[in-house]
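One structure below.
Atoms within each ligand, like the ligands themselves, are counted from 1 in listed order. Here the structure is a predicted model, which means the values were calculated and not measured.
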Amino acid sequence: MSLVTSKHLLLNALKGKYAVGAFNANNLEMIQAIIEAATIEKAPVIVQFSQGAINYAGIFAIKSMVGAMAKYNSIPIVLHFDHGRTVEQNIKCLNSGFTSLMFDGSDLSFTENINQSKILTQIAHFYKIPVELELGKVLYQGVDNNEIINTLTNPYQVKEFIYKTKADSLAVAVGSVHSQCSSETQLDIDRLKEISKEIPEVPLVLHGSSGVDENSIRDAIANGICKVNVGTCLIKRFSESVKNYIQLNPDVIDPRKYLNAGKEEMKDEVRKKIRLFGSSKIIK
Ligand code: G3H
Ligand code: ZN
């Protein structure tokens, strides 16, 4: 089938109390790993690219690869732009055939975040493309606890933010941090409950999931998280496997062989995540 948008996928997840996995990719083998894993698990899936990944692989190559794989597949596949920092970057993705967007205004003031977000949602909605926004800020590894606490999403701001921006989904800061490898972080589930209570009809998004404890992820999904972003733990398993393969087979020069080792390892990780998120066997 053709690429689908994330709109109904996330609303169905909200109703069904599961989450759709949104997996970051950078190259052909990573896209294959994600789509093959989701196909085996019969799960809807979001393949997402950061601006850095787009700079590396090329926006049209990405659209062509993911679009072609979706066409010959029966599971719903979304092509999502992750952490778009400007409206312009998002418009380029929209024009190139991405079926889901994100404007990350987390460095802006509340008012400026609303103003810029609104510009994008108005344009994207005209083309029926949904937009994820961020309120609060999910930080990157290396920050201390105080910084994390200071950037958590304020539950008392979410209603106004959604009302004014018309976001289709909302990335919330509830204790996770990007780029962590050990899964030990406990999320602030009470805060998440308060956010969900304010905007029960809006699918919530968890960023920085690689570092979060599995039970905390389950609790988060039971309390409104409908999209879980996964990046670091996938890259880690992919790269470790490639390095290991080359170490064991120093004479192999065929990239298909060592990249395939990375792909198979990553596929296994994506399948585990899909089962954790409860989205396995959603497609009949
Ligand atoms: O937007 C991407 C995700 O939030 C990935 O986070 O690399 O910590 O898993 P992660
Ligand atoms: Zn993120």
Side-chain angles (χ1 to χ4, degrees), residues 6 10 19-27 30-31 33-34 37 45-57 62 78-86 89-90 93 98 100-108 113 117 130-143 147-148 151-153 167-188 192 203-214 216-218 220-221 225-240 265-266 268-274 276-277:
S6 54
L10 297 187
V20 181
F23 302 100
N24 284 83
N26 296 304
N27 62 13
M30 296 178 94
I31 300 170
I34 296 163
V45 74
I46 298 172
V47 190
Q48 61 184 14
F49 296 82
S50 64
Q51 186 59 47
I54 290 173
N55 296 345
Y56 171 75
I62 287 170
V78 175
L79 176 56
H80 177 76
F81 183 36
D82 187 31
H83 287 290
R85 292 280 174 175
T86 66
Q89 288 172 348
N90 269 284
C93 289
F98 278 57
S100 181
L101 301 171
M102 178 189 186
F103 175 71
D104 175 353
S106 60
D107 281 335
L108 306 173
N113 192 354
S117 295
V131 180
E132 173 185 333
L133 299 176
E134 181 163 335
L135 187 61
K137 185 173 176 63
V138 180
L139 297 166
Y140 285 79
Q141 201 194 14
V143 292
E147 288 175 271
I148 297 173
T151 53
L152 293 174
T153 305
D168 299 276
S169 58
L170 185 67
V172 289
V174 287
S176 59
V177 174
H178 283 105
S179 308
Q180 285 184 323
C181 284
S182 59
S183 321
E184 289 159 6
T185 301
Q186 300 293 329
L187 298 169
D188 183 345
L192 184 60
L204 303 177
V205 181
L206 177 67
H207 281 249
S209 79
S210 291
V212 181
D213 171 77
E214 287 196 354
S216 206
I217 290 185
R218 284 190 194 96
I221 294 169
I225 292 291
C226 301
K227 172 176 180 272
V228 180
N229 284 15
V230 192
T232 305
C233 63
L234 305 180
I235 302 173
K236 189 169 177 265
R237 277 194 73 179
F238 186 97
S239 301
E240 279 173 359
E265 201 67 16
M266 177 166 156
D268 183 62
E269 189 68 24
V270 173
R271 289 187 65 185
K272 278 191 191 148
K273 295 292 180 190
I274 287 173
L276 171 64
F277 304 159

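Atoms of ligand 1 lying under 4.0 Å from at least one heavy atom of His207, given by number and element, are 1 (O), 4 (O). Close contacts of ligand 1 with His83, meaning ligand atoms under 4.0 Å from a residue heavy atom, involve 1 (O). Residue-ligand proximity, Thr232 to ligand 1, at heavy-atom distances under 4.0 Å covers atoms 7 (O), 8 (O), 9 (O), 10 (P). In summary, the atoms of ligand 1 found under 4.0 Å from a heavy atom of Asn24, numbered by their order in the structure, are 2 (C).
Here Cys233 has no heavy atoms under 4.0 Å from ligand 1, in either its backbone or its side chain.
From Leu192, atom CG reaches atom CD1 of Ile225 across 5.0 Å, with rounding to the nearest 0.5 Å. Note: Cys226 SG to Leu206 CG = 11.0 Å, rounded to the nearest 0.5 Å. Here the CZ-CG distance, from Phe238 to Asn26, works out to 9.0 Å after rounding to the nearest 0.5 Å.
When Ala22, Ser209, Ser183, Ser210 are checked for heavy-atom proximity to atom 9 (O) of ligand 1, Ser210 turns out nearest.
A donor-acceptor pair under 3.5 Å is formed between the side chain of Ser183 and the backbone N or O of Ser210. Distance alone, capped at 3.5 Å, is enough to place a donor-acceptor pair between the Thr153 side chain and the Leu135 backbone. Side-chain atoms of Ser50 do not come within 3.5 Å of backbone N or O of Asp82 as any donor-acceptor pair.
Using a 4.5 Å heavy-atom threshold, the side chains of Phe23 and Lys273 count as touching.
Among all protein heavy atoms, the one lying closest to atom 2 (C) of ligand 1 is Asp82 OD2, 3.2 Å.
Taking only nitrogen or oxygen atoms, main chain and side chain alike, Gly208 reaches within less than 3.5 Å of ligand 1. In terms of polar-atom proximity, defined here as any N/O pair under 3.5 Å, Asn229 does make such a contact with ligand 1. Geometrically, ligand 1 and Gly231 share a nitrogen or oxygen pair separated by less than 3.5 Å.
Of all the N, O or S atoms in His207, the one closest to the Zn ion (ligand 2) is ND1.
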Could you give me the CA-CA distance, side-chain angles and deciding distance for Glu269 and Lys236, then say whether salt bridge (charged side-chain N to carboxylate O under 4.0 Å, His left out) is met?
CA-CA 10 Å; Glu269 189 68 24; Lys236 189 169 177 265; over 6 Å; no
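Distances shorter than 4.0 angstrom do not occur between any heavy atom of Gly211 and any atom of ligand 1.
Scanning both residues, Asp107 and Arg85, for their nearest heavy atoms gives OD2-NH1, 3.0 Å.
Around the Zn ion (ligand 2), the angle linking His178 (NE2) with His83 (NE2) is 100°, rounded to 10 degrees.
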